[in-house]
Enquirer: 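Dropping the structure in here first, questions after.
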Amino acid sequence: MNDSSPKTPSPPTPVPPPAPPKTPPPPKNPGMVTLSVDDKEVVVKPGTSLIVAAHQVGVKIPHYCYHPRLSLSANCRMCMVEASNAPKLVPACQATVAEGQVVKTDTPKVKAQQRAVLEFLLLNHPVDCPICDQAGECKLQDYYVRYDFKPSRLWGPKVQKNKRKVLGPTVLMDQERCILCTRCVRFMKEVAKEPQLGIFGRGSHERVDVFPGAKLDSNYSGNLVELCPVGALLNRDFRFKARAWFLSAAPSVCTACSRGCNVFADYMNQDCFRFRPRENAAVNQSWMCDVGRKSYRWAGENRALHTLSHGKPVSVDEALNRAASLLQKAQGSIGVLASPAASNEDLMAALAFARDVLKVNMVFVSGRPDGAADKLLMMADKNPNRKGLEYIALALGIELKPFETFTPSAFQAVWVLGGEMPESDIVMAARLKTVPTVVQAQHASEWAHECQVLLPVASHLETECSMTQHEGLLQRCRQAFPPKGDSAPHWQWVMRLANLLGARMDWSSAKDVFSTIAPRIPEFANFDWEGQAPSKQSRPGLPLPAASDGRPPAYRQFACPSAKGCSP
């Protein structure tokens, strides 16, 4: 018998309330972002890129297109890394940090990506390293050895492009070597504000070039050579002059104008081969103008290397005795010309000598005449130390007079500190013809040759010194190589003249001059002489390397890159 009575429905299963959304843990460092890069904790500001964050803990991520002072391109794909908040590899130059993020830069996946990028770049890249002027400073060479080091799988012919295209007066381009990182294009557009370069063509025939009918004639085109990570853009002035691994570098200052751009002076033996910009965010950032870049030639051209009297060679002692005798006879009536191209130490010694020994309280300012200027770095004042001369004269109680008021006939003798003059050699020779003159000059100008005594002066590359740029910033120049011939710094000639005239001056270095007189000058009193422009030598006793990867000369075969890849 079936039971037809209705069944009692079972009560509905209760639905659990929705779980409250998970609240992310508070940041470990409020206001900052904390993450991990290769198991190293990093604390950086929000918005910082992964490549910058990694650099803070010593993790160097390889890259080509990235530059900290240019816009992001992220087209070379060499900086790809693994990030815990991304399913695929991300470009470290473009991806920003996140709280609790875990970043890996040395996993098999990342290494495979780096090998693939290098193989792709080298498919059509010419293997002409032995004749490439960028050899020794090429990131393609160093990254290949560091991250790939495998033979090419390409059997067909490489794509050929223009091998030696002159883009302008400063830069020559090898389009076959270009890896299309676009650093040069972005620099000309964003920094120089002169978009003279562009990307032309498609696919394998894509190339960097000037616009049709135009040329690369910017005053900042030389920066493209340092920006180029390979040997595509070359400096026509430096090309085939010296190999990078034979050069050493001295931290110095450009003396072409009053900006005082920080530079590396790359030299070999007693010759300077080039200037490269040195990073200083307060002065020139990472750049320098082409006029200053070529000013290294001034240190070696038309030098005065021997002591002269009336244009004839004499011994150093004889020249000093004649100069001292001439100044002693005219004491109290001596016209002093001081050049704002001289260093602080030279001007300190000279003005102290003029006041205390020559009994002079008025100095005429000579120096180079004004020239062209631009809106980026180049200044109209072509003298690197005018501000320093003003500071020193004020502190020592010396009145500065403009050069236009200088009348040689008003004095019994003239003492010239620095051969830089706002007038031509012919005019200067005529003005000083009838007045006994002692000249301390770096260059052998015609008027200086005819003077009673010429004392040759060392360049700023041949001595330790400091300069004061137009905003009053004091900067140090390191000595690159010893003075040539009989030349010596101004302060050394001043000291020897003072001792011959009965004054007591006993200095053994530019540092001694600075430490003796600088405390009297308020603007110089707190200057850290030893801390400025440190050499940062990676091996004691060896000069600073000029090669971009940071290896000292002759050590390239023993160490891997320290500045761009790993530690030696």
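From a predicted model like this one, the values you see are computed outputs, not experimental measurements.
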Enquirer: Run the salt-bridge test on D237 and R239 with the 4.0 Å N-O cut-off and return the result as yes or no.
Expert: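 Salt bridge absent between D237 and R239.
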Enquirer: Roughly how far, to the nearest 0.5 Å, is CZ of R236 from CG of L167?
Expert: 9.5 Å
Enquirer: Would you say CG of N526 has more than 12 non-hydrogen atoms from neighbouring residues, nucleotides or ligands within 6.0 angstrom?
Expert: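 Atom CG in N526 is not crowded, with 12 or fewer foreign heavy atoms closer than 6.0 Å.
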Enquirer: Got a salt bridge between E301 and R303, using NZ or NE/NH1/NH2 to carboxylate O under 4.0 Å?
Expert: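 Between R303 and E301 there is no salt bridge, as every charged N stays at least 4.0 Å from the carboxylate O atoms.
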Enquirer: Looking at F273, does the NZ or CZ of R297 lie under 6.0 angstrom from its six-membered ring centre and within 45 degrees of the ring axis?
Expert: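 That pair does not qualify as a cation-pi contact.
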Enquirer: Residues two or more places apart in sequence or in another chain: which of them pass side chain to side chain donor-acceptor pair (under 3.5 Å) with D133?
Expert: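 So D133 forms no side chain to side chain donor-acceptor pair (under 3.5 Å) with any residue.
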Enquirer: Within this structure, what is the OG1-CG distance for the pair T468 and L473, rounded to the nearest 0.5 Å?
Expert: 8.5 Å
Enquirer: Are the aromatic ring centres of W493 and F353 under 6.0 angstrom apart?
Expert: no
Enquirer: For salt bridge (charged side-chain N to carboxylate O under 4.0 Å, His left out), just list the numbers for R259 and E471, CA-CA rounded to whole Å, side-chain angles, deciding distance to a tenth of an Å, and then say yes or no.
Expert: CA-CA 8 Å; R259 173 71 65 179; E471 293 179 329; 5.0 Å; no
Enquirer: For the SG atom of C184 and the CE atom of M173, what is their distance to the nearest 0.5 Å?
Expert: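 Nearest 0.5 Å value for the SG-CE distance: 6.0 Å.
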Enquirer: Looking at CZ of F275 and SG of C254, how far apart are the two atoms once the value is rounded to the nearest 0.5 Å?
Expert: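 Rounded to the nearest 0.5 Å, the CZ-SG separation comes to 6.5 Å.
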Enquirer: Rounded to the nearest 0.5 Å, how far apart are CD1 of I521 and CG of L396?
Expert: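 Atom-to-atom, I521:CD1 and L396:CG are 5.5 Å apart.
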Enquirer: Whether R322 and E318 form a salt bridge (side-chain N of Lys/Arg under 4.0 Å from carboxylate O of Asp/Glu) is what I want to check.
Expert: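 Result for this pair is yes, salt bridge flagged.
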Enquirer: In chain order, what residues pass the salt bridge (charged side-chain N to carboxylate O under 4.0 Å, His left out) check against K484, with sequence neighbours excluded?
Expert: D271
Enquirer: Between K189 and E194, is there a side-chain N and carboxylate O pair less than 4.0 Å apart?
Expert: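 No, this pair does not count.
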Enquirer: Salt bridge check: are E279 and R69 linked by an N-O gap of less than 4.0 Å?
Expert: yes
Enquirer: Is any side-chain N of the basic residue among D317 and R496 closer than 4.0 Å to the acidic one's carboxylate O?
Expert: yes
Enquirer: Would you call the rings of F524 and Y391 parallel, tilted or perpendicular, taking 30° and 60° as the class edges?
Expert: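 Perpendicular: the ring planes of F524 and Y391 meet at over 60°.
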Enquirer: What is the distance from atom OH of Y220 to atom CH2 of W287, rounded to the nearest 0.5 Å?
Expert: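 With rounding to 0.5 Å, OH (Y220) is 12.0 Å from CH2 (W287).
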Enquirer: Any Lys/Arg nitrogen of E226 or R274 sitting under 4.0 Å from an Asp/Glu carboxylate oxygen of the other?
Expert: no
Enquirer: Taking G260's backbone N and O only, do any of them form a donor-acceptor pair with Q475's side chain (distance below 3.5 Å, no angle check)?
Expert: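 It does hold such a pair.
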